Amino acid sequence: MRVLRLIAATMLCVATQAARADDTEPAWRASALALVPAGYVAGTAYRTHGSTGYLAVYPAPSNDPKTPASVFAARQALVVTLTSDATRAVSAELKPRVEPDPDDDATDFAKLHAELAAKRATLPDGTEPCDLGAWSIDKDPAGLNVRAEPSATARVLGTLPPPYRLKLGGAENTPDGGWLTEFRIIGFRNGWFLIEGAKPPGKDYEDEKRYPRSAPKPYAGRGWVASSKVGAAYANGATRMGGLFQGPFVDAKWMPAQRELGGAIDTDGGPKRLFACSGLWGLVESQDGVRGWWRALCSNQVTNCS
């Protein structure tokens with residue numbers, strides 16, 4: 001049911017985001033940039049009301065893996081006093097953001113994030129709630145350790161298999177690199193992902209009747225894995241394609257980014273690195289080294305997640 005609501009929210013937002021990508025910024029935004037307080041990065045100028053403008057701003061470290069932003073945190077806006085013709089900024093003040101932008105799709109995804117926020121009490125203390133598809137990229141023959149706590153010294157609960165090269169006499173669908181072990185990311189803390197529901201590598205893509213009983217079986221319970229050992233594919237999160245956001249919000253600064261073989265990023269392929277998550281957003285590094293947020297990641301290994 002949650003997946004269906006995500007699809008519905010996505011469909012509602014596609015037209016809005018496509019339109020916003022072509023919008024021109026208001027004349028006053030350029031002069032308002034000089035008024036952005038130190039430590040903040042300007043995003044979209046999301047409203048002009050008479051002689052007042054509203055500029056989305058987010059803390060500069062929002063896309064730093066050491067201090068990732070939270071989609072659940074209170075937001076702020078730079079409230080800008082404009083000239084009488086609303087073409088230039090005169091002064092500005094940082095204030096709590098209490099009114100949603102009517103053109104912002106945050107309202108469409110608010111319920112999904114509210115459901116995730118409500119689950120915070122079921123997660124270990126200090127865990128940021130997330131909901132993303134992902135897979136293990138660890139090639140260690142011993143497998144990826146799933147630990148009881150987000151620490152390299154914590155007790156090992158089980159392992160996730162390395163890439164599995166299934167052989168069925170030519171009838172297999174195994175990719176060249178082998179099938180990866182998929183799971184759900186449900187939380188994040190200090191460089192570690194809390195995961196659950198790991199599946200036997202490739203079982204969803206091969207002939208179920210011929211899938212070997214001897215195939216590796218991953219630890220399917222809840223536990224922690226290092227973020228450096230996790231990968232995923234870009235999915236359609238109904239945001240502007242072709243780049244990443246400085247914070248986990250669609251009105252944060254947008255930065256163009258490239259796919260591995262060139263061209264703007266979209267739902268074909270995935271990031272070079274996955275650092276952190278917050279709600280339905282993942283903090284990633286694109287193949288050309290741009291670090292930012294992308295909404296919706298998946299673990300489909302045979303097609304894109306559009």
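On a predicted model such as this, the values are computed, not experimentally measured, just so you know.
A cation-pi arrangement is absent between R240 and F245, since the terminal nitrogen or guanidinium carbon is not both under 6.0 Å from the aromatic centre and inside a 45° cone about the axis. The cationic group of R147 does not satisfy the cation-pi geometry with W224, failing either the under 6.0 Å distance to the six-membered ring centre or the 45° limit from the ring axis. Cation-pi geometry between R75 and F249 is met: under 6.0 angstrom from the ring centre, within 45 degrees of the axis.
The closest donor-acceptor contact from the side chain of R189 to the backbone of T127 lies at 3.5 Å or more, if one exists at all. With hydrogens and angles ignored, the 3.5 Å screen pairs no side-chain donor or acceptor of R291 with any backbone N or O of L283. Checked by atom type and distance alone, the side chain of E206 pairs as donor or acceptor with a backbone atom of N173 at under 3.5 Å. Counting only distance, with no hydrogens or angles, the side chain of Q287 and the backbone of G270 share a donor-acceptor pair below 3.5 Å. S136 places a side-chain N or O within 3.5 Å of a backbone atom of D138 that can act as its donor or acceptor partner.
Classification of the F193-F188 ring pair by plane angle, with boundaries at 30° and 60°, yields tilted. Between W294 and Y234, the angle of the ring planes lies from 30° to 60°, which puts this pair in the tilted group.
Proximity of V79 to Y54: side-chain heavy atoms (C-beta onward) are separated by under 4.5 Å at one or more points. Contact annotation: the side chain of V250 approaches that of R295 to within less than 4.5 Å [non-hydrogen atoms, C-beta and beyond]. Using a 4.5 Å heavy-atom cutoff, the side chains of Y164 and P212 are in contact. You'll find the side chain of T181 reaches within 4.5 Å of the side chain of P161, heavy atoms only. With contacts defined as side-chain heavy-atom distances shorter than 4.5 Å, the pair R259/L261 does not qualify. The closest side-chain heavy-atom distance from L144 to T159 is not below 4.5 Å. Contact annotation: the side chain of F72 approaches that of P129 to within less than 4.5 Å [non-hydrogen atoms, C-beta and beyond]. L112 places a side-chain heavy atom less than 4.5 Å from the side chain of L280.
How far CG of L244 is from OG of S286: 5.5 Å, rounded to the nearest 0.5 Å. In this structure, CG on D125 lies 10.5 Å from CZ on R120, to the nearest 0.5 angstrom. To the nearest 0.5 Å, the span separating CD on E196 from OH on Y219 amounts to 10.0 Å. Of the inter-residue distances, the one linking E182 atom CD with I195 atom CD1 reads 12.0 Å to the nearest 0.5 angstrom. Residue I137 holds its CD1 atom at 7.5 Å from OG of S228, rounded to the nearest 0.5 Å. Atoms CE and OG1, from M241 and T267 in turn, are 5.0 Å apart once rounded to the nearest 0.5 Å.
Note on L157: it clusters hydrophobically with V225, by side-chain heavy-atom contacts below 4.5 Å among ILVMFWY residues. There is a path of hydrophobic side-chain contacts, each under 4.5 Å, that joins V146 to L132. Put simply, L123 and W192 are part of the same group of oily side chains (I, L, V, M, F, W, Y) that touch within less than 4.5 Å, one to the next. Hydrophobic cluster membership is shared by V80 and L94, with clusters built from Ile, Leu, Val, Met, Phe, Trp and Tyr side chains linked at under 4.5 angstrom. Both L116 and V71 are assigned to one and the same hydrophobic cluster, defined by single-linkage of ILVMFWY side chains at heavy-atom distances under 4.5 Å.
The shortest heavy-atom contact between P201 and P218 is CD-CD, 4.5 Å. The two residues L274 and L297 come nearest to each other via the heavy atoms CD1-CD1, 3.7 Å. The two residues I186 and R222 make their nearest non-hydrogen contact at CD1-NE, 3.4 Å. Taking all atoms of both residues into account, the shortest heavy-atom contact from L35 to A89 is CD1-CB, 3.8 Å. The minimum heavy-atom distance linking T87 with S31 is given by the pair O-OG, 4.5 Å. Counting all heavy atoms, side chain and backbone alike, P200 lies closest to Y211 at CB-OH, 3.6 Å.
W179 has its ring centre less than 6.0 Å from the ring centre of Y205.
Other residues, nucleotides and ligands contribute at most 12 non-hydrogen atoms within 6.0 Å of the NZ atom of K199.
The one candidate from T81, L82, D85, T52 that meets the side chain to side chain contact (heavy atoms under 4.5 Å, CB included) condition with W28 is L82.
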>> Determine whether K272 and E285 satisfy the following criterion, salt bridge (Lys or Arg N to Asp or Glu O under 4.0 Å), listing intermediate values before the conclusion.
In response: CA-CA 6 Å; K272 182 194 301 185; E285 180 181 327; 3.5 Å; yes

> Given R273 and V284, is the side chain to side chain contact (heavy atoms under 4.5 Å, CB included) satisfied, shown in steps?
Replying inline: CA-CA 5 Å; R273 281 288 313 273; V284 305; over 6 Å; no

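A side-chain donor-acceptor contact under 3.5 Å links S70 and E128. Between the side chains of Y58 and Q76, no donor-acceptor pair of N or O atoms lies under 3.5 Å.
Contact check on K119 versus D131 returns no salt bridge, with no Lys/Arg side-chain nitrogen under 4.0 Å from an Asp/Glu carboxylate oxygen.
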